**Q** 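Please see the structure below; I have some questions.
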Amino acid sequence: MKIKKIAFDLSQRWNAYWFQSSPLFDLAVCRIIIIAFQLGNLIVRDYYGAMLKRGEVAALNYNPLNPVKWLTFPWGWEQVPPNWYLSLIFALSFISGITALIGFKTNLSLMVFAIGSLFIQCYIYSFGSHHHPYALLLITLFLLALSPAGGVLSLDHLLRKLRTHIKKQRFTPFNILNKESELARWSLLTVQWLIVIIYLSAALHKLAYGDGFLGTDWMNGYTLQYYLTRDGLRWGSDLGVWLGQFYIVGVVFAWIAVIFEGTFFLAVIFPQLVWVYIPSGIAFHTGIYLAQRAPFFGLMVLYCVFIPWTKLIQTFTRRQQNSSQFPKPEILYDGLCPLCIRSMTVLCYFDWFQRLNYTPVEEEWTSIQKTHPDLSLDACLAEMHLILPNGSVRKGFFAFREIVRYLPPLWPLLILLYFPGSSSVGPKIYTFVASNRKRLTRCSFESCSSK
């Protein structure tokens, strides 16, 4: 019985560690960062051109890896696939990467993108030496595809929110940072521990470099001096050649590498140490690239799985609210208009810092009239109003432009909203949409107030 109880307790603790209810926002931010990096990597490193060039190499140099064999079996495992097929694979991979980035059919898009990225990398490796810098990144894509990575910060989730509010015929303020899932944590933890294993393996290899179990060849400094000089000359790094001239540099950096890699697991056990190890890791790998041209950018990008994005934003929001002596800007909207409900849903979706209040005009008109007697109900129903902390009011297009200033995720729109001529064209577009909203949205609400 004691053994069963111990086994049950261990099982409970195991499940509590891996499947503790956690914010989906953290997972979604990592999805966006990792996919954006991989898409940029495919473009910057010209993987498409590299694939087509490999096809021109003699077939004798072609030794396809298993993922390539699985996806090219119609032509035979030893036959180089035609360029049109390679182009199709790359196009499907890139398009699925875009849809996974914005969160449309997120899990399906992620799986297609992961498979396509794996094929592209393995196809290139089928013609020569294999390298490992992006292996963990590809594994992470598959882990994300098996997780609720599109739970928030996705077009899928936003569309569900819109449908819910329209069905209820009512907009209810929400905060996507509060949405949690028991499946939001396991994939990020898996990546964290894989990074730990990689670093521990590297540290043990360095400690065992030389004769005996604990060799001293790496720690003596001369080995790193040699690598700095060799890689600097090979890859054209003047910094590496220069550093390779100093023995003390080899000794210090050799010890730093072993200490950092050998103790990185502490960042997983004690999350507060993330703010020590992540900046150190970025500096560590940046220095390696500058001196030896070893590109571990994919590994640095994966550091995002250690960052508590939700806690950071919530902490900043609390401090901002505690330090502010002014009320939040207040949006006055027509709560019986489907288009207005959709607009408030989208704005609230990006109000991560809870900087706005949302007030339906019909329900709160009595209190609004007491504080702002100069406003009229018909005017507020005709176009959106924004009451600023200083008491001034913005209307229509200018209200929307002011609202965007309070929503950091939408700041890129300010370029368009403040583009020369926008102050003249913007109000006309807003007025057209507002005056035709019933026809444009096919309002079916019995109480719809849009004219």
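Just so you know, these numbers come straight off a predicted model, no measurement behind them.
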**Q** Keeping Ser422 on the side-chain end and Phe419 on the backbone end, is there a donor-acceptor pair under 3.5 Å?
**A** yes
**Q** Do you know which two heavy atoms are closest between Tyr303 and Gly281, and how far apart they sit?
**A** OH-CA, 3.4 Å
**Q** Using distance alone, with no hydrogens and no angle criterion, decide if Tyr48 and Ser87 have a side-chain donor and acceptor under 3.5 Å apart.
**A** yes
**Q** Distance-only, no hydrogens or angles: does the Ser201 side chain make a donor-acceptor pair with backbone N or O of Ile197 under 3.5 Å?
**A** no
**Q** Is it the case that more than 12 heavy atoms not belonging to Lys311 sit under 6.0 Å from its NZ atom?
**A** no
**Q** Evaluate the side-chain proximity of Val433 to Leu339: yes if any heavy-atom separation is below 4.5 Å, no if none is.
**A** yes
**Q** When rounded to the nearest 0.5 angstrom, what is the spacing between OG1 in Thr371 and CD in Gln369?
**A** 9.5 Å
**Q** Would you say the side chains of Ser376 and Asp378 form a donor-acceptor pair under 3.5 Å?
**A** no
**Q** Between the side chain of Thr140 and the main-chain N/O of Leu136, is any donor-acceptor distance below 3.5 Å?
**A** yes
**Q** How far does CD1 of Ile403 sit from CG of Leu413, to the nearest 0.5 angstrom?
**A** 12.5 Å
**Q** Find the distance between CG (Leu290) and CG (Leu239) and round it off to the nearest 0.5 Å.
**A** 6.5 Å
**Q** For the NZ atom on Lys328, are there more than 12 heavy atoms of other groups (residues, nucleotides or ligands in this structure) within a distance under 6.0 Å?
**A** yes
**Q** Checking Thr99 side chain against Ser96 main chain: does a donor-acceptor pair fall under 3.5 Å?
**A** yes
**Q** After noting the C-alpha distance and the side-chain angles of Leu39 and Leu101, does the key distance pass the side-chain contact (heavy atoms from CB on, under 4.5 Å) rule?
**A** CA-CA 9 Å; Leu39 286 171; Leu101 181 67; 4.3 Å; yes
**Q** Could you tell me whether the side chain of Ser343 reaches within less than 4.5 Å of the side chain of Val346, counting heavy atoms only?
**A** no
**Q** Looking at Gly335, is its backbone amide N or carbonyl O close enough to the side chain of Glu362 to form a donor-acceptor pair, meaning the two atoms are under 3.5 Å apart?
**A** yes
**Q** Going by side-chain hydrogen bond (donor to acceptor under 3.5 Å, both in side chains), name the residues that satisfy it together with Ser237, two or more places apart in sequence or in a different chain.
**A** none
**Q** When you compare the side chain of Val258 with that of Leu207, does any pair of heavy atoms fall below 4.5 Å?
**A** yes
**Q** So, is the end of the Arg293 side chain (NZ or CZ) under 6.0 Å from the ring centre of Tyr289 and within 45° of the ring's axis?
**A** yes
**Q** So that I know where these two stand, are Tyr199 and Phe260 an aromatic pair - ring centroids less than 6.0 Å apart?
**A** yes
**Q** Any heavy-atom pair between the side chains of Trp365 and Leu375 that's under 4.5 Å?
**A** yes
**Q** Under the side-chain hydrogen bond (donor to acceptor under 3.5 Å, both in side chains) rule, what do Ser21 and Glu180 come out as? Steps first, then yes or no, please.
**A** CA-CA 6 Å; Ser21 184; Glu180 296 186 349; 3.0 Å; yes
**Q** Would you check, one step at a time, whether the test salt bridge (charged side-chain N to carboxylate O under 4.0 Å, His left out) holds for Asp9 with Lys5?
**A** CA-CA 6 Å; Asp9 290 340; Lys5 186 177 184 303; 3.2 Å; yes
**Q** Please assess Tyr47 against Tyr123 for the test ring-ring contact (aromatic ring centres under 6.0 Å, His included), listing each intermediate value before the final yes or no.
**A** CA-CA 10 Å; Tyr47 273 83; Tyr123 179 76; over 10 Å; no
**Q** In sequence, state the C-alpha distance, the side-chain angles, and the governing distance for Ser187 and Leu146, and then conclude on side-chain contact (heavy atoms from CB on, under 4.5 Å).
**A** CA-CA 8 Å; Ser187 58; Leu146 297 174; over 6 Å; no
**Q** Is it true that the side chains of Thr263 and Tyr277 contain a donor and an acceptor less than 3.5 Å apart?
**A** yes
**Q** Hey, what do you get for CG (Leu407) to CZ (Phe353), rounding to the nearest 0.5 Å?
**A** 10.0 Å
**Q** For atom OH of Tyr17, decide whether the heavy atoms of other residues, nucleotides or ligands shown that lie under 6.0 angstrom number more than 12.
**A** yes
**Q** Under 3.5 Å, is there a donor-acceptor pair between the Gln38 and Tyr134 side chains?
**A** no
**Q** For Tyr333 together with Tyr358, are the ring centres under 6.0 Å from each other?
**A** no
**Q** Can you check whether Gly151's main-chain N or O pairs, donor with acceptor, with Ser154's side chain at less than 3.5 Å?
**A** no
**Q** If you take the centroid of each ring, where Trp contributes its six-membered ring, are Phe253 and Phe284 closer together than 6.0 Å?
**A** no
**Q** Evaluate Glu330 against Asn357 for side-chain hydrogen bond (donor to acceptor under 3.5 Å, both in side chains), listing each step before the verdict.
**A** CA-CA 5 Å; Glu330 184 176 8; Asn357 284 328; over 6 Å; no
**Q** Output yes when a side-chain donor or acceptor of Thr106 lies under 3.5 Å from a complementary backbone atom of Pro148, and no otherwise.
**A** no
**Q** Mark yes when over 12 heavy atoms from residues, nucleotides or ligands other than Trp18 sit less than 6.0 Å from its CH2; otherwise mark no.
**A** yes
**Q** With a 4.5 Å cut-off on side-chain heavy atoms, are Ile115 and Phe119 touching?
**A** no
**Q** Work out which heavy atom in Ala184 is nearest to a heavy atom in Ser22; give both atom names and the distance.
**A** CB-O, 3.6 Å
**Q** Could you pull out the closest heavy-atom pair between Val68 and Pro64, with the gap in Å?
**A** CG1-CB, 4.0 Å
**Q** Give me the atom names and distance for the closest heavy-atom approach of Gly97 to Ile35.
**A** O-CG2, 3.4 Å
**Q** Can you tell whether the side chains of Arg170 and Glu363 come within less than 4.0 Å, N to carboxylate O?
**A** yes
**Q** Any side-chain to backbone donor/acceptor pair from Arg31 onto Ala149? Under 3.5 Å, distance only.
**A** yes
**Q** For the atom pair OG1 (Thr317) and CG (Asn175), what is the distance rounded to the nearest 0.5 Å?
**A** 8.0 Å
**Q** Could you tell me whether the side chain of Ile176 reaches within less than 4.5 Å of the side chain of His157, counting heavy atoms only?
**A** yes
**Q** For Tyr430, is the NZ or CZ atom of Arg401 found under 6.0 angstrom from the centre of its six-membered ring and inside 45 degrees of the ring axis?
**A** no
**Q** Do Phe400 and Leu386 have side chains that approach each other closer than 4.5 Å (heavy atoms only, starting at C-beta)?
**A** no
**Q** Atom CG of residue position Leu10 - does it have more than 12 heavy atoms of other residues, nucleotides or ligands inside 6.0 Å?
**A** yes
**Q** Roughly how far, to the nearest 0.5 Å, is the OG1 atom of Thr310 from the CG atom of Leu27?
**A** 10.0 Å
**Q** With a 3.5 Å distance limit and no angle check, can you tell me whether Gln354 reaches the backbone of Asp351 through a side-chain donor-acceptor pair?
**A** yes
**Q** Looking at Tyr349, does the NZ or CZ of Lys161 lie under 6.0 angstrom from its six-membered ring centre and within 45 degrees of the ring axis?
**A** no
**Q** Between the side chain of Ser181 and the main-chain N/O of Leu24, is any donor-acceptor distance below 3.5 Å?
**A** no
**Q** Identify the heavy atoms of Phe171 and Cys348 that sit nearest to each other, and give their distance.
**A** CZ-CB, 3.7 Å
**Q** Side chains of Cys304 and Ile34, heavy atoms from C-beta outward: is any pair under 4.5 Å?
**A** yes
**Q** Between Phe25 and Trp352, is the ring centroid distance below 6.0 Å?
**A** yes
**Q** Centre-to-centre under 6.0 Å for Phe174 and His165, is that the case here?
**A** yes
**Q** Can you list the residues that meet the salt bridge (Lys or Arg N to Asp or Glu O under 4.0 Å) rule with Glu402, with sequence neighbours excluded?
**A** Arg405
**Q** Using every non-hydrogen atom in the two residues, find where Ser423 and Phe398 come nearest and quote the distance to one decimal.
**A** O-CZ, 3.7 Å
**Q** Using 4.0 Å as the upper bound for N to carboxylate O, is an ion pair formed by Arg160 and Asp156?
**A** no
